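Report on the structure given below.
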Number of protein chains: 2
Amino acid sequence: MKVLIVEDDLALAGVLSYTLRQAGYEVSSAYDGQAALDAWQAESPDLVILDLNLPKLDGLSVCQQIRSRSDTPIIILSVRSDEDDVVRGLELGADDYIAKPFSPRELLARVQAALRRLGSTVIPGPLTAAGITLDRERLELHRPGFDPVQLSALECRLLEILMLESGHVVPADALITAVWGPYGTDRTALKQLVYRLRRKIEDDPSAPTFLETVPGVGYTIASDIS
Amino acid sequence: MKVLIVEDDLALAGVLSYTLRQAGYEVSSAYDGQAALDAWQAESPDLVILDLNLPKLDGLSVCQQIRSRSDTPIIILSVRSDEDDVVRGLELGADDYIAKPFSPRELLARVQAALRRLGSTVIPGPLTAAGITLDRERLELHRPGFDPVQLSALECRLLEILMLESGHVVPADALITAVWGPYGTDRTALKQLVYRLRRKIEDDPSAPTFLETVPGVGYTIASDIS
DNA sequence: AAAAAGCGTTACCGGTCTGTTACCAAGCCG
DNA sequence: CGGCTTGGTAACAGACCGGTAACGCTTTTT
């Protein structure tokens with residue numbers, strides 16, 4: 001996993017770099033906006049950590065440029081006074097932000113979350129739980145006795161989370177965050193996704209036997225095969 | 001929520017302890033590095049507040065040791081001259097730091113933030129008391145010989161409290177505070193809630209056998225199985 | 001270029017949850 | 001004995017929630 005750090009404060013960049021390397025990431029750095037774009041094209045990293053205050057080319061512009069050309073996850077670094085810019089950055093398609101000062105540990109957590117969310121990360125071996133198997137590469141669901149079902153990317157991610165937590169109830173908020181990122185808000189989208197997923201995998205959506213609702217809390221899939 | 005305070009300045013430790021206790025945390029203290037590790041193992045706190053300047057065993061070492069064995073959030077206390085150590089502490093996996101001098105309010109805010117960040121994953125296991133089992137994840141009540149009963153969020157909270165105090169009488173005021181918070185509502189709401197809960201779980205609401213009323217005081221559930 | 005699929009959004013409907021008001025029965029006290 | 005408090009019951013209304021449908025925009029496929 002390659003991470004590009006765009007930060008003009010060399011001390012901070014050093015800390016970030018050290019932390020990420022420790023965690024097993026491959027790290028490259030850029031110290032101004034123009035260099036950032038060059039490095040991005042040269043390295044095609046899997047994730048970008050982007051300071052907003054940059055020499056030569058503004059961080060927001062960098063964000064926009066990158067986003068216009070790819071889906072690479074972007075995490076914005078900001079100081080408190082940048083609040084407006086953060087909002088604009090998120091609107092421009094950044095995935096998350098961290099306000100300075102922050103702990104490397106927190107950064108690491110966000111990097112991992114962002115990579116996990118984009119699904120690009122995990123070299124997905126098939127995931128088996130609750131009696132079913134999810135082929136995350138082909139977005140296919142396999143169930144004994146049924147034909148394989150073709151899933152969309154979002155459906156696959158939703159199912160993946162529920163399977164990883166199989167036997168436990170996953171709160172709706174947690175699902176939203178895990179699927180749409182920290183700024184996904186609307187529960188309606190989740191309702192929709194669950195509904196569409198149920199129609200694909202279940203014979204009778206009105207009496208779900210597999211993907212169950214826990215009213216007021218969230219959703220769950222049974223861990224045991226009944 | 002348990003907090004471990006590691007601070008050799010007794011006066012400061014006292015202030016910290018007082019502040020946190022006021023806010024409803026359970027607090028334990030250690031006054032040197034070695035004692036900190038011992039206390040940490042003995043108490044398994046939910047969060048550690050760690051001074052860096054400690055007798056016997058350096059704060060950074062304590063941080064490292066704790067982090068190598070668990071994800072317990074750590075907040076570093078430091079004086080301005082410690083800056084380098086703070087950075088090292090954060091690299092070692094601390095979650096946040098506070099520079100002395102600080103206000104109690106700031107401390108509380110950081111503690112809460114740290115707990116919120118990592119602690120949201122605390123899943124309550126099933127609670128068993130008085131012969132019944134409460135599945136707090138699914139809001140379900142299980143009783144031997146009966147079908148599981150679906151509860152609402154409030155009903156579940158009420159039952160949880162009574163079960164935790166099973167065998168004792170819980171005053172009505174205490175119940176209201178525990179369920180609706182410090183700005184609790186009328187007793188009528190409690191009457192309602194009890195009534196509705198009884199109808200869900202009891203065959204004969206007019207002669208309650210499980211959730212009993214203690215007139216003029218509150219409610220209780222028997223601790224023994226009758 | 002046309003068709004299909006993915007997905008966010010709005011709207012609607014029926015259900016449950018829950019605070020409130022009202023009423024009744026029982027106990028306490030002067 | 002009559003007023004008062006306390007607890008149970010009923011009924012209602014507003015809020016919230018989850019499932020469903022339909023629309024439209026975008027992306028992918030054909």
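Below, chain A is the first sequence line, B the second, and so on; all start at residue 1. Scope of the values below: all heavy atoms of this structure, side chains included, with no hydrogens, waters or symmetry mates. Keep in mind that what you see is a predicted model, and the values were worked out from it rather than measured.
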Revision key, fill the gap. Residues at least two apart in sequence or cross-chain that pass salt bridge (charged side-chain N to carboxylate O under 4.0 Å, His left out) with A:Lys100, listed by chain then number, are A:Glu7, A:Asp51

Exercise for review: May I ask you to establish whether B:Arg198 and B:Tyr195 are in a cation-pi arrangement, using a distance under 6.0 Å from NZ or CZ to the six-membered ring centre and at most 45° from the ring axis?
Suggested key: no

Exercise for review: Walk me through it: do B:Ser152 and B:Arg157 pass the test side-chain hydrogen bond (donor to acceptor under 3.5 Å, both in side chains)?
Suggested key: CA-CA 9 Å; B:Ser152 78; B:Arg157 287 241 285 287; over 6 Å; no

Check your understanding: B:Gln192 near the nucleic acid: base, sugar-phosphate alone, or nothing, with a heavy-atom cut-off under 4.0 Å?
Key -> base

Review point. Base, sugar-phosphate, or nothing for A:Leu154, non-hydrogen atoms under 4.0 angstrom?
Key: sugar-phosphate

Could you state the [atom1]-[atom2] distance from [X] to [N], rounded to the nearest angstrom?
{"X": "A:Leu190", "N": "D:dT20", "atom1": "CG", "atom2": "C1'", "result": "15 Å"}
{"X": "A:Leu175", "N": "D:dC17", "atom1": "CG", "atom2": "P", "result": "16 Å"}
{"X": "B:Leu197", "N": "C:dT18", "atom1": "CG", "atom2": "P", "result": "11 Å"}
{"X": "A:Arg157", "N": "C:dC7", "atom1": "CZ", "atom2": "P", "result": "9 Å"}
{"X": "A:Asp186", "N": "C:dT10", "atom1": "CG", "atom2": "P", "result": "8 Å"}
{"X": "A:Glu212", "N": "D:dG19", "atom1": "CD", "atom2": "P", "result": "12 Å"}
{"X": "B:Leu193", "N": "D:dG8", "atom1": "CG", "atom2": "P", "result": "12 Å"}
{"X": "A:Leu151", "N": "C:dC7", "atom1": "CG", "atom2": "C1'", "result": "15 Å"}

Which nucleotide sits closest to the side chain of [X]: [options]?
{"X": "B:Thr213", "options": "D:dA10, D:dG7, C:dT18", "answer": "D:dG7"}
{"X": "B:Tyr219", "options": "C:dC7, D:dG7, C:dG19", "answer": "D:dG7"}
{"X": "A:Trp180", "options": "D:dA10, C:dG8, C:dG19", "answer": "C:dG8"}
{"X": "A:Tyr195", "options": "D:dT20, C:dG8, D:dA10", "answer": "D:dT20"}

Check your understanding: Are A:Arg196 and C:dG6 close enough that a side-chain N or O sits under 4.0 Å from OP1 or OP2?
Key -> no

Check your understanding: Can you tell me if the side-chain N/O atoms of A:Ser152 get under 4.0 Å from OP1 or OP2 in C:dA5?
Key -> no

Point to revise | A:Asp173 bridged to A:Arg187 by N-O distance under 4.0 Å | key: yes

Check your understanding: Does B:Asp95 pair with B:Arg110 as a salt bridge, N-O distance under 4.0 Å?
Key -> no

**Study point:** Nearest-nucleotide 5' precedence on DNA chain C, A:Lys191 against A:Lys200
**Key:** A:Lys200

Study note, to complete from the structure: 5'-most contact on DNA chain D (nearest-nucleotide basis), B:Arg187 vs A:Thr188, goes to B:Arg187

